[in-house]
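Scroll down for the structure; my scribbles are underneath it.
The chain is numbered in sequence order, starting from 1. In this text the structure is predicted, and so the values were computed from the model without any measurement.
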Amino acid sequence: DFTIPKYFEPSVHFWFDIYTQYSSKQAVIHDLNNLKLIYNVIDFSELFKNTDVHRFSKAKLQSQLSMEYTIKLRKILKRLSYKNLRRLNVEDKKVLTIVKSAGTKIPKSASRRKRLFLKLSKNIRIQSGQRDKIFQGVIRSLPYQPFLKYQLKNFKLPEELLAISFLESSFNPNAKSKVAASGVWQFMPFISNLFMPKITKNIDYRSSPIISSIAAFHLLKENKGLMKRWDLAVTAYNSGTKHLRRAQRNLSHKRKKSAMGLDYILKNYKHAHLGFASKNFYSEFLALTRVLAYKEIIYPLQGYEQISTLTHPQHTSIYISKCKFKAGDFFEKYETNSPLIKQINAHIENKKISYPRGTLLVSDKVLPKEKFYRLTDEQLTKKKPKHYNFFIKKKKCES
(Lines give C-alpha, C1' and ligand atoms only; values in the text may rest on other atoms or scores of the structure.)
Protein backbone atom coordinates (compact mmCIF):
# COMPACT_ATOMS: atom_id res chain seq x y z
CA ASP A 1 0.00 0.00 0.00
CA PHE A 2 2.96 2.33 0.50
CA THR A 3 4.93 2.58 -2.73
CA ILE A 4 7.60 5.28 -2.98
CA PRO A 5 6.67 8.09 -5.41
CA LYS A 6 9.59 9.38 -7.50
CA TYR A 7 9.41 12.77 -5.72
CA PHE A 8 10.27 11.10 -2.38
CA GLU A 9 12.97 8.68 -3.58
CA PRO A 10 16.03 10.83 -2.63
CA SER A 11 14.68 11.66 0.82
CA VAL A 12 13.59 8.05 1.51
CA HIS A 13 17.09 6.83 0.58
CA PHE A 14 18.59 9.43 2.91
CA TRP A 15 16.42 8.42 5.88
CA PHE A 16 16.90 4.71 5.19
CA ASP A 17 20.65 5.27 5.58
CA ILE A 18 20.10 7.31 8.76
CA TYR A 19 18.16 4.37 10.27
CA THR A 20 20.44 1.59 9.04
CA GLN A 21 23.97 2.90 8.35
CA TYR A 22 24.69 5.61 10.89
CA SER A 23 24.56 5.36 14.68
CA SER A 24 23.82 8.14 17.16
CA LYS A 25 27.62 8.49 17.56
CA GLN A 26 27.79 9.83 14.00
CA ALA A 27 26.70 13.23 12.69
CA VAL A 28 25.63 13.57 9.05
CA ILE A 29 26.18 17.11 7.72
CA HIS A 30 23.79 17.67 4.83
CA ASP A 31 21.79 20.20 2.85
CA LEU A 32 18.33 21.08 4.12
CA ASN A 33 16.58 20.76 0.75
CA ASN A 34 18.74 18.43 -1.33
CA LEU A 35 19.20 15.31 0.80
CA LYS A 36 21.56 13.88 -1.81
CA LEU A 37 24.01 16.59 -0.79
CA ILE A 38 25.95 15.16 2.17
CA TYR A 39 29.06 17.17 2.99
CA ASN A 40 30.51 14.91 5.64
CA VAL A 41 29.83 12.17 8.18
CA ILE A 42 31.64 12.86 11.46
CA ASP A 43 32.30 9.78 13.59
CA PHE A 44 32.48 10.31 17.37
CA SER A 45 32.88 6.63 18.32
CA GLU A 46 36.30 7.23 19.89
CA LEU A 47 34.85 9.98 22.07
CA PHE A 48 32.22 7.60 23.48
CA LYS A 49 34.84 4.99 24.39
CA ASN A 50 36.05 7.29 27.17
CA THR A 51 34.24 6.00 30.25
CA ASP A 52 35.47 8.85 32.47
CA VAL A 53 33.27 11.41 30.69
CA HIS A 54 29.51 11.53 31.46
CA ARG A 55 27.24 10.68 28.52
CA PHE A 56 25.58 14.13 28.66
CA SER A 57 29.00 15.76 28.43
CA LYS A 58 29.83 13.52 25.47
CA ALA A 59 26.59 14.49 23.73
CA LYS A 60 27.27 18.18 24.33
CA LEU A 61 30.81 17.83 23.01
CA GLN A 62 29.51 15.98 19.93
CA SER A 63 27.07 18.82 19.31
CA GLN A 64 29.78 21.48 19.74
CA LEU A 65 32.23 19.73 17.40
CA SER A 66 29.51 19.24 14.78
CA MET A 67 28.63 22.93 15.02
CA GLU A 68 32.29 23.91 14.64
CA TYR A 69 32.46 21.91 11.41
CA THR A 70 29.30 23.57 10.04
CA ILE A 71 30.72 27.03 10.82
CA LYS A 72 33.86 26.12 8.89
CA LEU A 73 31.78 24.68 6.01
CA ARG A 74 29.60 27.80 5.92
CA LYS A 75 32.71 29.96 5.48
CA ILE A 76 33.89 27.79 2.57
CA LEU A 77 30.51 28.01 0.82
CA LYS A 78 30.51 31.78 1.27
CA ARG A 79 34.01 31.93 -0.25
CA LEU A 80 32.75 29.92 -3.22
CA SER A 81 30.06 32.55 -3.75
CA TYR A 82 32.62 35.17 -4.80
CA LYS A 83 35.90 33.39 -5.61
CA ASN A 84 37.05 32.45 -9.09
CA LEU A 85 36.32 28.71 -9.29
CA ARG A 86 39.57 28.18 -11.18
CA ARG A 87 41.62 29.53 -8.28
CA LEU A 88 40.48 27.48 -5.33
CA ASN A 89 42.49 25.91 -2.54
CA VAL A 90 42.31 22.18 -1.82
CA GLU A 91 39.59 22.60 0.87
CA ASP A 92 37.36 24.69 -1.39
CA LYS A 93 37.79 22.28 -4.33
CA LYS A 94 36.74 19.35 -2.16
CA VAL A 95 33.49 21.06 -1.13
CA LEU A 96 32.79 22.15 -4.72
CA THR A 97 33.24 18.52 -5.90
CA ILE A 98 30.78 17.32 -3.22
CA VAL A 99 28.20 19.93 -4.30
CA LYS A 100 28.54 18.91 -7.97
CA SER A 101 28.37 15.17 -7.22
CA ALA A 102 24.97 15.71 -5.56
CA GLY A 103 23.58 16.86 -8.91
CA THR A 104 23.78 20.60 -8.25
CA LYS A 105 24.42 22.57 -11.45
CA ILE A 106 26.86 25.46 -10.96
CA PRO A 107 25.59 28.57 -12.84
CA LYS A 108 27.98 30.33 -15.21
CA SER A 109 26.58 33.71 -14.21
CA ALA A 110 28.54 35.19 -11.28
CA SER A 111 25.40 36.69 -9.69
CA ARG A 112 23.44 33.43 -9.89
CA ARG A 113 26.43 31.47 -8.62
CA LYS A 114 26.66 33.84 -5.66
CA ARG A 115 22.98 33.31 -4.83
CA LEU A 116 23.40 29.53 -5.07
CA PHE A 117 26.35 29.27 -2.67
CA LEU A 118 24.93 31.80 -0.21
CA LYS A 119 21.74 29.76 -0.13
CA LEU A 120 23.72 26.55 0.41
CA SER A 121 25.61 28.20 3.27
CA LYS A 122 22.29 28.88 5.02
CA ASN A 123 20.90 25.38 4.37
CA ILE A 124 23.44 23.31 6.31
CA ARG A 125 21.83 20.85 8.73
CA ILE A 126 23.17 18.27 11.21
CA GLN A 127 21.41 14.91 11.53
CA SER A 128 22.46 12.29 14.07
CA GLY A 129 22.36 8.67 12.99
CA GLN A 130 19.54 6.50 14.36
CA ARG A 131 20.59 2.90 13.71
CA ASP A 132 21.18 2.01 17.37
CA LYS A 133 18.03 3.80 18.51
CA ILE A 134 15.80 2.02 16.00
CA PHE A 135 17.44 -1.31 16.91
CA GLN A 136 16.65 -0.65 20.59
CA GLY A 137 13.09 0.25 19.58
CA VAL A 138 12.70 -3.04 17.70
CA ILE A 139 13.77 -4.92 20.84
CA ARG A 140 11.38 -2.87 23.02
CA SER A 141 8.50 -3.53 20.64
CA LEU A 142 8.87 -7.33 20.47
CA PRO A 143 6.56 -8.08 23.45
CA TYR A 144 3.77 -6.00 21.91
CA GLN A 145 4.06 -6.95 18.23
CA PRO A 146 1.48 -9.82 18.21
CA PHE A 147 -1.18 -7.76 19.98
CA LEU A 148 -0.61 -4.60 17.92
CA LYS A 149 -0.59 -6.41 14.57
CA TYR A 150 -3.77 -8.23 15.55
CA GLN A 151 -5.47 -4.97 16.51
CA LEU A 152 -4.39 -3.26 13.28
CA LYS A 153 -6.28 -6.00 11.43
CA ASN A 154 -9.19 -5.50 13.83
CA PHE A 155 -9.20 -1.77 12.95
CA LYS A 156 -8.80 -2.63 9.24
CA LEU A 157 -5.58 -0.60 9.10
CA PRO A 158 -2.33 -1.47 7.27
CA GLU A 159 0.40 -3.02 9.41
CA GLU A 160 2.94 -0.49 8.10
CA LEU A 161 1.42 2.21 10.33
CA LEU A 162 3.40 0.77 13.26
CA ALA A 163 6.38 2.56 11.71
CA ILE A 164 4.98 5.86 13.05
CA SER A 165 5.67 4.75 16.64
CA PHE A 166 9.33 4.21 15.69
CA LEU A 167 9.48 7.54 13.91
CA GLU A 168 7.96 9.32 16.90
CA SER A 169 9.87 7.69 19.77
CA SER A 170 11.83 4.61 18.62
CA PHE A 171 8.98 2.77 20.38
CA ASN A 172 9.95 4.16 23.78
CA PRO A 173 7.05 4.28 26.30
CA ASN A 174 9.16 6.60 28.50
CA ALA A 175 9.90 9.13 25.76
CA LYS A 176 9.05 12.74 26.62
CA SER A 177 9.67 15.73 24.35
CA LYS A 178 10.49 19.35 25.18
CA VAL A 179 7.01 20.35 24.01
CA ALA A 180 5.23 17.90 26.40
CA ALA A 181 4.59 15.06 23.94
CA SER A 182 4.82 11.68 25.67
CA GLY A 183 4.82 7.93 25.16
CA VAL A 184 5.36 5.56 22.24
CA TRP A 185 3.14 7.62 19.92
CA GLN A 186 4.19 11.02 21.34
CA PHE A 187 0.69 12.31 22.01
CA MET A 188 0.50 15.97 22.99
CA PRO A 189 -1.68 16.62 26.08
CA PHE A 190 -4.49 18.27 24.09
CA ILE A 191 -4.76 15.46 21.53
CA SER A 192 -4.37 12.84 24.25
CA ASN A 193 -7.38 14.26 26.11
CA LEU A 194 -9.43 13.98 22.90
CA PHE A 195 -8.75 10.26 22.52
CA MET A 196 -7.91 8.94 26.00
CA PRO A 197 -9.24 9.65 29.51
CA LYS A 198 -7.98 12.95 30.89
CA ILE A 199 -4.40 13.20 32.14
CA THR A 200 -4.16 13.72 35.92
CA LYS A 201 -1.24 13.82 38.38
CA ASN A 202 -1.72 10.08 39.07
CA ILE A 203 -2.60 8.72 35.63
CA ASP A 204 -1.37 9.34 32.09
CA TYR A 205 -2.59 6.83 29.53
CA ARG A 206 0.06 7.97 27.04
CA SER A 207 2.53 5.86 29.05
CA SER A 208 0.68 2.63 28.28
CA PRO A 209 2.02 1.18 25.00
CA ILE A 210 -1.25 -0.75 24.58
CA ILE A 211 -3.87 1.92 25.34
CA SER A 212 -1.96 4.69 23.55
CA SER A 213 -1.63 2.45 20.49
CA ILE A 214 -5.39 1.90 20.38
CA ALA A 215 -5.84 5.69 20.64
CA ALA A 216 -3.32 6.18 17.79
CA PHE A 217 -5.25 3.70 15.61
CA HIS A 218 -8.43 5.74 16.17
CA LEU A 219 -6.56 8.96 15.28
CA LEU A 220 -5.05 7.45 12.11
CA LYS A 221 -8.42 6.07 11.02
CA GLU A 222 -9.93 9.51 11.59
CA ASN A 223 -7.14 11.15 9.56
CA LYS A 224 -7.70 8.72 6.69
CA GLY A 225 -11.42 9.48 6.73
CA LEU A 226 -10.72 13.22 6.50
CA MET A 227 -7.81 13.18 4.04
CA LYS A 228 -8.91 10.18 1.91
CA ARG A 229 -5.28 9.25 1.18
CA TRP A 230 -2.64 7.55 3.34
CA ASP A 231 0.21 9.87 2.35
CA LEU A 232 -1.80 12.83 3.68
CA ALA A 233 -3.25 10.92 6.66
CA VAL A 234 0.22 9.83 7.84
CA THR A 235 1.65 13.35 7.43
CA ALA A 236 -1.34 14.75 9.33
CA TYR A 237 -0.28 12.65 12.32
CA ASN A 238 2.67 15.02 12.62
CA SER A 239 1.30 18.33 11.37
CA GLY A 240 -2.45 17.95 11.86
CA THR A 241 -5.13 18.02 9.16
CA LYS A 242 -5.74 21.80 9.28
CA HIS A 243 -2.89 23.00 7.06
CA LEU A 244 -3.09 20.05 4.66
CA ARG A 245 -6.81 20.63 4.09
CA ARG A 246 -6.14 24.34 3.60
CA ALA A 247 -3.51 23.43 1.01
CA GLN A 248 -6.04 21.22 -0.77
CA ARG A 249 -8.55 24.10 -0.88
CA ASN A 250 -5.96 26.58 -2.15
CA LEU A 251 -4.84 24.23 -4.91
CA SER A 252 -8.28 22.83 -5.83
CA HIS A 253 -8.54 25.16 -8.86
CA LYS A 254 -5.55 23.34 -10.36
CA ARG A 255 -6.32 19.73 -9.48
CA LYS A 256 -9.09 17.61 -7.96
CA LYS A 257 -8.60 16.81 -4.28
CA SER A 258 -8.82 13.07 -4.97
CA ALA A 259 -5.82 13.34 -7.33
CA MET A 260 -3.85 15.66 -5.06
CA GLY A 261 -1.11 13.66 -3.37
CA LEU A 262 1.36 14.87 -0.78
CA ASP A 263 4.07 15.27 -3.43
CA TYR A 264 1.84 17.70 -5.39
CA ILE A 265 1.09 19.74 -2.25
CA LEU A 266 4.74 19.98 -1.21
CA LYS A 267 5.74 21.11 -4.71
CA ASN A 268 2.99 23.70 -5.09
CA TYR A 269 2.03 24.95 -1.62
CA LYS A 270 4.39 27.04 0.47
CA HIS A 271 3.61 27.65 4.13
CA ALA A 272 5.78 28.17 7.19
CA HIS A 273 3.90 25.41 9.02
CA LEU A 274 5.09 22.86 6.44
CA GLY A 275 8.75 23.04 7.46
CA PHE A 276 11.54 20.46 7.31
CA ALA A 277 9.91 18.10 9.85
CA SER A 278 6.52 18.09 8.10
CA LYS A 279 8.04 17.77 4.63
CA ASN A 280 10.18 14.81 5.68
CA PHE A 281 7.73 12.99 7.95
CA TYR A 282 6.28 10.84 5.16
CA SER A 283 9.75 10.07 3.71
CA GLU A 284 10.93 8.98 7.17
CA PHE A 285 7.80 6.85 7.52
CA LEU A 286 8.34 5.17 4.13
CA ALA A 287 11.98 4.48 5.00
CA LEU A 288 10.98 2.95 8.35
CA THR A 289 8.36 0.67 6.74
CA ARG A 290 11.22 -0.88 4.74
CA VAL A 291 13.55 -0.99 7.73
CA LEU A 292 10.96 -2.83 9.84
CA ALA A 293 10.02 -5.18 6.99
CA TYR A 294 13.66 -6.33 6.78
CA LYS A 295 14.66 -5.86 10.43
CA GLU A 296 15.94 -9.44 10.77
CA ILE A 297 18.43 -8.79 7.95
CA ILE A 298 19.40 -5.24 8.97
CA TYR A 299 19.83 -5.72 12.72
CA PRO A 300 21.48 -8.51 14.76
CA LEU A 301 18.26 -9.89 16.25
CA GLN A 302 19.56 -13.40 16.89
CA GLY A 303 18.96 -14.33 20.50
CA TYR A 304 16.23 -11.75 21.05
CA GLU A 305 13.46 -14.11 19.91
CA GLN A 306 13.19 -15.39 23.48
CA ILE A 307 12.83 -11.91 24.97
CA SER A 308 10.17 -11.61 27.67
CA THR A 309 6.85 -11.31 25.87
CA LEU A 310 3.29 -11.01 27.02
CA THR A 311 2.56 -14.24 28.90
CA HIS A 312 -0.75 -14.81 27.14
CA PRO A 313 -0.82 -12.63 23.99
CA GLN A 314 -4.08 -14.27 22.87
CA HIS A 315 -5.71 -13.04 26.10
CA THR A 316 -4.23 -9.53 26.08
CA SER A 317 -6.94 -6.93 26.24
CA ILE A 318 -8.07 -3.68 27.78
CA TYR A 319 -10.25 -3.90 30.86
CA ILE A 320 -12.40 -1.36 32.71
CA SER A 321 -12.41 -1.59 36.47
CA LYS A 322 -15.94 -1.99 37.78
CA CYS A 323 -14.69 -1.43 41.34
CA LYS A 324 -12.36 0.91 43.15
CA PHE A 325 -8.96 -0.83 43.54
CA LYS A 326 -5.61 -0.33 45.23
CA ALA A 327 -2.87 -0.17 42.61
CA GLY A 328 -0.25 -1.84 44.80
CA ASP A 329 -2.53 -4.77 45.64
CA PHE A 330 -3.48 -5.21 41.97
CA PHE A 331 0.12 -5.45 40.77
CA GLU A 332 1.19 -7.66 43.67
CA LYS A 333 -1.62 -10.11 42.90
CA TYR A 334 -0.93 -10.49 39.17
CA GLU A 335 2.82 -9.84 38.84
CA THR A 336 3.84 -13.49 39.42
CA ASN A 337 1.77 -14.84 36.52
CA SER A 338 2.10 -11.72 34.38
CA PRO A 339 5.68 -10.33 34.59
CA LEU A 340 4.92 -7.38 32.31
CA ILE A 341 1.77 -6.26 34.18
CA LYS A 342 3.44 -3.05 35.49
CA GLN A 343 5.03 -2.32 32.12
CA ILE A 344 1.77 -2.55 30.16
CA ASN A 345 0.05 -0.46 32.84
CA ALA A 346 2.72 2.23 33.12
CA HIS A 347 -0.09 4.82 33.04
CA ILE A 348 -0.82 3.89 36.68
CA GLU A 349 1.84 6.23 38.04
CA ASN A 350 1.15 6.09 41.78
CA LYS A 351 1.25 2.53 43.09
CA LYS A 352 0.37 3.62 46.65
CA ILE A 353 -3.13 5.00 46.08
CA SER A 354 -6.55 3.64 45.16
CA TYR A 355 -7.94 4.22 41.68
CA PRO A 356 -11.64 4.75 40.95
CA ARG A 357 -14.18 2.64 39.09
CA GLY A 358 -13.80 3.24 35.36
CA THR A 359 -9.99 3.14 35.30
CA LEU A 360 -8.63 1.41 32.18
CA LEU A 361 -6.20 -1.47 32.72
CA VAL A 362 -4.33 -3.85 30.45
CA SER A 363 -3.73 -7.51 31.17
CA ASP A 364 -2.33 -10.49 29.29
CA LYS A 365 -4.05 -12.74 31.81
CA VAL A 366 -7.83 -13.02 32.13
CA LEU A 367 -9.03 -10.85 35.02
CA PRO A 368 -12.07 -11.78 37.16
CA LYS A 369 -15.26 -10.54 35.50
CA GLU A 370 -16.76 -9.65 38.88
CA LYS A 371 -14.40 -6.67 39.18
CA PHE A 372 -13.14 -6.04 35.65
CA TYR A 373 -15.00 -5.70 32.37
CA ARG A 374 -13.08 -6.97 29.35
CA LEU A 375 -13.61 -4.98 26.16
CA THR A 376 -14.31 -6.94 22.99
CA ASP A 377 -12.51 -6.33 19.70
CA GLU A 378 -15.64 -4.67 18.35
CA GLN A 379 -15.90 -2.36 21.37
CA LEU A 380 -12.23 -1.33 21.03
CA THR A 381 -12.97 0.01 17.54
CA LYS A 382 -16.48 1.31 18.21
CA LYS A 383 -15.46 4.04 20.65
CA LYS A 384 -12.27 5.90 21.54
CA PRO A 385 -10.57 4.94 24.85
CA LYS A 386 -11.84 8.26 26.24
CA HIS A 387 -15.40 6.90 26.05
CA TYR A 388 -14.87 3.27 27.08
CA ASN A 389 -16.67 3.93 30.38
CA PHE A 390 -19.87 3.84 28.36
CA PHE A 391 -19.65 0.04 28.34
CA ILE A 392 -19.89 -0.32 32.15
CA LYS A 393 -22.77 2.09 32.76
CA LYS A 394 -25.08 -0.75 33.75
CA LYS A 395 -22.36 -3.01 35.17
CA LYS A 396 -22.01 -3.29 38.94
CA CYS A 397 -19.01 -4.12 41.09
CA GLU A 398 -19.40 -7.66 42.41
CA SER A 399 -16.74 -7.69 45.12
Side-chain angles (χ1 to χ4, degrees), residues 6-50 53 57-131 266-281 283-284 287:
K6 192 172 182 179
Y7 175 83
F8 293 108
E9 282 180 2
S11 53
V12 172
H13 287 157
F14 173 84
W15 289 109
F16 186 85
D17 285 348
I18 292 296
Y19 298 133
T20 62
Q21 304 301 315
Y22 306 118
S23 78
S24 58
K25 296 170 187 174
Q26 293 171 295
V28 180
I29 316 298
H30 67 95
D31 183 75
L32 193 67
N33 297 323
N34 180 8
L35 296 184
K36 287 182 180 178
L37 179 46
I38 296 175
Y39 295 103
N40 197 5
V41 178
I42 309 174
D43 196 326
F44 296 97
S45 299
E46 290 300 317
L47 170 67
F48 282 84
K49 286 180 182 177
N50 188 340
V53 183
S57 299
K58 291 176 184 177
K60 188 176 181 180
L61 186 56
Q62 178 175 335
S63 177
Q64 286 175 343
L65 292 172
S66 299
M67 190 57 66
E68 283 176 17
Y69 177 83
T70 61
I71 292 169
K72 181 182 176 181
L73 177 61
R74 190 170 288 116
K75 287 178 180 178
I76 294 172
L77 289 167
K78 284 182 178 179
R79 280 206 303 269
L80 290 171
S81 72
Y82 63 80
K83 283 185 75 172
N84 186 328
L85 298 187
R86 294 179 182 176
R87 299 176 182 175
L88 301 176
N89 61 34
V90 176
E91 210 171 36
D92 295 349
K93 282 181 181 178
K94 186 179 178 181
V95 171
L96 180 61
T97 301
I98 292 170
V99 171
K100 286 180 177 178
S101 65
T104 306
K105 291 182 179 180
I106 310 300
K108 292 181 180 179
S109 162
S111 60
R112 289 174 63 195
R113 189 166 67 243
K114 182 179 181 179
R115 283 198 298 272
L116 168 68
F117 284 109
L118 286 177
K119 186 177 180 182
L120 290 176
S121 72
K122 295 175 183 176
N123 281 357
I124 302 169
R125 183 177 180 274
I126 305 167
Q127 174 63 51
S128 295
Q130 300 285 311
R131 178 184 165 87
L266 294 179
K267 281 187 278 188
N268 295 280
Y269 182 74
K270 306 300 176 187
H271 193 282
H273 190 79
L274 293 176
F276 182 84
S278 297
K279 286 179 179 179
N280 279 272
F281 193 83
S283 297
E284 293 174 65

Worksheet item: Do Phe8 and Leu266 pass the side chain to side chain contact (heavy atoms under 4.5 Å, CB included) test, and can you show the C-alpha distance, the side-chain angles, and the key distance before you say yes or no?
Response: CA-CA 11 Å; Phe8 293 108; Leu266 294 179; 3.9 Å; yes
With sequence neighbours excluded, residues passing salt bridge (charged side-chain N to carboxylate O under 4.0 Å, His left out) with [X]:
{"X": "Asp43", "value": "none"}
{"X": "Lys83", "value": "Asp92"}
{"X": "Lys72", "value": "Glu91"}

Partner residues of [X] under the side-chain hydrogen bond (donor to acceptor under 3.5 Å, both in side chains) criterion, sequence neighbours left out:
{"X": "Gln127", "value": "Arg125"}
{"X": "Ser23", "value": "none"}
{"X": "Glu46", "value": "Lys49"}
{"X": "Lys75", "value": "none"}

Side-chain polar contacts of residues 98-106 - donor-acceptor pairs under 3.5 angstrom, sequence neighbours left out - could you list them?
residue	atom	partner	partner atom	Å
Ser101	OG	Thr97	O	3.3
Ser101	OG	Ile98	O	2.8
Thr104	OG1	Val99	O	3.3

Worksheet item: Mind checking whether Val95 and Leu80 have side chains closer than 4.5 Å, heavy atoms only?
Response: yes
Item to complete: Could you tell me whether the side chain of Tyr69 reaches within less than 4.5 Å of the side chain of Ile124, counting heavy atoms only?
Response: no
Fill in: Lys60: side chain to side chain contact (heavy atoms under 4.5 Å, CB included) partners, not counting sequence neighbours
Gln64
Worksheet item: side chain to side chain contact (heavy atoms under 4.5 Å, CB included) with Arg112: which residues, sequence neighbours excluded?
Response: Pro107, Ser109, Arg115
With a cut-off of 3.5 Å and sequence neighbours excluded, list every side-chain donor-acceptor pair involving residues 14-22.
residue	atom	partner	partner atom	Å
Trp15	NE1	Asn280	OD1	3.0
Tyr19	OH	Glu284	OE1	3.2
Thr20	OG1	Phe16	O	2.7

Any chance you could measure [X], atom [atom1], to [Y], atom [atom2], to the nearest 0.5 Å?
{"X": "Lys122", "Y": "Arg74", "atom1": "NZ", "atom2": "CZ", "value": "10.5 Å"}
{"X": "Glu68", "Y": "Ser63", "atom1": "CD", "atom2": "OG", "value": "10.0 Å"}
{"X": "Leu120", "Y": "Ile76", "atom1": "CG", "atom2": "CD1", "value": "12.5 Å"}
{"X": "Leu88", "Y": "Leu96", "atom1": "CG", "atom2": "CG", "value": "6.0 Å"}
{"X": "Lys78", "Y": "Phe117", "atom1": "NZ", "atom2": "CZ", "value": "14.5 Å"}
{"X": "His30", "Y": "Leu35", "atom1": "NE2", "atom2": "CG", "value": "6.0 Å"}

Looking at every heavy atom in both [X] and [Y], which two are closest together, and how far apart are they?
{"X": "Ile42", "Y": "Ser66", "value": "CD1-CA, 4.4 Å"}
{"X": "Lys279", "Y": "Leu274", "value": "CE-O, 3.2 Å"}
{"X": "Ala287", "Y": "Val12", "value": "CB-O, 3.7 Å"}

Worksheet item: Considering residues, nucleotides and ligands other than Lys119, do more than 12 of their heavy atoms fall under 6.0 Å from its NZ?
Response: no
Worksheet item: What salt bridge (charged side-chain N to carboxylate O under 4.0 Å, His left out) pairs are there with at least one residue in residues 24-42, not counting sequence neighbours?
Response: none
